[in-house]
Amino acid sequence: MNLTERDQKYLWHPYTQHKTASLPIAIKRGDGALLWDEKGKEYIDAIASWWVNPYGHSNKFIADAIYKQLTTLEHVLFGGFTHEPAVILAEKLMEILPKNQQKIFFSDNGSTAVEVAIKVALQYFFNKGEKKTTIIAFENAFHGDTFAAMAASGISFYTQAFQGMFIDVARIPVPLKGQEQASFTALREVIKNNNCAGFIFEPLVQGAAGMVMYEPQSLDELIKICQENKVLTIADEVMTGFGKTGKTFATDYLFEKPDMICLSKALTGGTIPMAITTFTQEIFEAFYDEDINKALFHGHTFTANPTGCAAALASLELLQSSEMQDNLARINQSHLDFQKHIESHPKVATTRVLGVIFALEIKTENTESYYGTLRNKLYNYFIENGLILRPVGNIVYILPPYIISFEQLQKVYEVVEKAFEIV
Ligand SMILES: *Cc1c(COP(=O)(O)O)cnc(C)c1O
């Protein structure tokens, strides 16, 4: 039996209806933007393996850093102890994060980074003796699959089985072009009618919703409204962080800075699961007290894993290299060129580009569901043609590793354009 067949006996895959899903593809090897399955077929990983892998698969530089750390200090508990990789990583992140961010808390994945931020928002007011329990989030948001993160997420597909079991979340529309005022008004209304502790958002790009984009000026305005009303703001940069939008963080496009930032995905270059939530000094001080009950009683066994920190440090070095910065600019230009070429195609409804993110919406008669037939047809077509892309309904997006070559990227565009023939 091959791996695909053996997989079926014991394994349960994420976001998968095993009764109807096609069998998983067994990947044996990766190098740069390429992956090979057990039959030797080659794929371009055009979504950087769920947005985690900017610097390429099996990256030697990161692998060496991991090996060195594994053979020096692989792990030590972080309660009562600290270590060099965590200290240096915190110092390096402080150099590139918005200046108001002063404290770093480690966890394991994007969902836990969000979970920590939401718990901190709620406990911040609890510690101050104020009752504020509502979290504000966007429609169609995605913040992860643990319980508070799921509550903040607005894609019903993921959450419908758990309705009625969540923390209080009030939802406002995304300030899409032409709908900015409706979004601002909704936020003011929600704040007036609820005791709001925090507002969580994916800055500038809603990834899981299909790379839905909105302008920094609108987010500045929303953050300002929160600041005027003492509502804490949480930028979920799990997807957008580390270069995806063309700047290191999406919040680098903003004048108003958030109180907390969630990071994961590309943090370790797609090697080791790790996440970080960052905070202002003011938030930290609401927990800093003689009273032990005011402490943040949250932690995970592998908090600040030294090997993960070493991977993150190597990844940061790669991101900041001039070669990688050139790659970001090159991919953005290629996307803009492809956008110009494709936007008037009769089957294309809209296109959008930010940084290395490209998305287009295919014209359809009916609204397409998240995992609908059009989506599956496209997905299968891409796989047949050696391309890993996961369309969302009628939206096809490209978010390649930054090291993808010019030729590989052109092949991605060609296959996407050819896919219009089958829709
Ligand atoms: C992927 C994602 C998460 C969840 O991260 P996991 O590591 O999958 O738990 C949270 N927020 C955003 C914006 C994401 O894209």
Side-chain angles (χ1 to χ4, degrees), residues 12-16 45 47-54 105-121 135-155 157-159 162 166-167 169 171 174 198-214 219 233-245 248-251 253-254 258 260-278 298 300 302-303 305 308 311-312 315 354-357 359 370 390-392 395 397-399:
W12 192 342
H13 287 260
Y15 307 120
T16 300
D45 184 358
I47 55 167
S49 282
W50 268 341
W51 325 332
V52 301
N53 191 310
F105 191 92
F106 283 97
S107 63
D108 303 341
N109 57 64
S111 304
T112 55
V114 166
E115 208 76 21
V116 168
I118 290 177
K119 283 176 72 175
V120 164
I135 298 294
I136 307 162
F138 279 137
E139 285 162 6
N140 286 322
F142 181 74
H143 297 293
D145 293 338
T146 55
F147 241 80
M150 184 168 60
S153 297
I155 301 173
F157 210 88
Y158 292 83
T159 58
F162 311 101
F166 291 136
I167 57 164
V169 172
R171 226 164 273 292
V174 181
F199 168 39
I200 184 165
F201 51 84
E202 296 157 271
L204 310 192
V205 190
Q206 291 188 298
M211 303 298 157
V212 171
M213 298 180 188
Y214 59 97
L219 186 51
T233 51
I234 305 166
D236 178 355
E237 292 242 23
V238 168
M239 189 283 283
T240 50
F242 304 105
K244 309 254 177 59
T245 63
T248 304
F249 301 111
T251 40
Y253 286 91
L254 302 175
M260 307 180 221
I261 298 177
C262 305
L263 303 170
S264 187
K265 293 213 163 102
L267 172 63
T268 60
T271 57
I272 290 179
M274 196 166 88
I276 282 174
T277 314
T278 72
H298 186 104
H300 299 279
F302 275 98
T303 294
N305 172 253
S315 299
L354 183 66
V356 303
I357 306 167
Y370 211 80
R390 288 175 65 96
V392 175
I395 300 167
Y397 73 84
I398 305 167
L399 201 169

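Just so you know, ligand 1 is whichever comes first in the structure, and atom 1 is the first atom listed for that ligand. Just the heavy atoms: all of them, side chains too, but no hydrogens, waters or symmetry mates, feed the values below. Just so you know, these numbers come straight off a predicted model, no measurement behind them. Sequence positions, counted from 1, serve as the residue numbers for this chain.
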- Query: Counting distance only, does the side-chain N/O of Ser49 pair as donor-acceptor with the main-chain N or O of Asn53 below 3.5 Å?
  - Reply: no
- Taking Tyr397 for the side chain and Gly207 for the main chain, is one N or O donor matched with an acceptor at less than 3.5 Å?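 It does not hold such a pair.
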- Message: Looking at every non-hydrogen atom in both residues, tell me the closest pair between Phe249 and Glu237 and how far apart they are.
- Response: CB-OE2, 3.3 Å
- Item | Nearest heavy atoms of Asp145 and Ser111, plus distance in Å | N-OG, 3.1 Å
Would you mind running through ligand 1 and noting each atom that sits below 4.0 Å from a heavy atom of [X]?
X	result
Gly144	4 (C), 10 (C)
Asn109	7 (O), 9 (O)
Trp51	15 (O)
Glu202	13 (C)
Gly110	4 (C), 5 (O), 6 (P), 7 (O), 9 (O)

- Message: Could you tell me if Asp108 and Thr112 have a donor-acceptor pair between their side chains, going purely by distance under 3.5 Å?
- Response: no
Are any of the N or O atoms of [X] closer than 3.5 Å to those of ligand 1?
X	result
Asp236	yes
Ser111	yes
Lys265	yes

- Should the pair Phe199 and Phe201 be assigned to parallel (<30°), tilted (30 to 60°) or perpendicular (>60°) ring geometry? tilted
- Can you label the angle between the Tyr214 ring and the Phe138 ring as parallel, tilted or perpendicular, going by 30° and 60°?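 Rings of Tyr214 and Phe138: perpendicular, over 60°.
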- Query: Applying a 4.0 Å heavy-atom criterion (strictly less than), which segment of His143 is in contact with ligand 1: side chain, backbone, both, or neither?
  - Reply: backbone
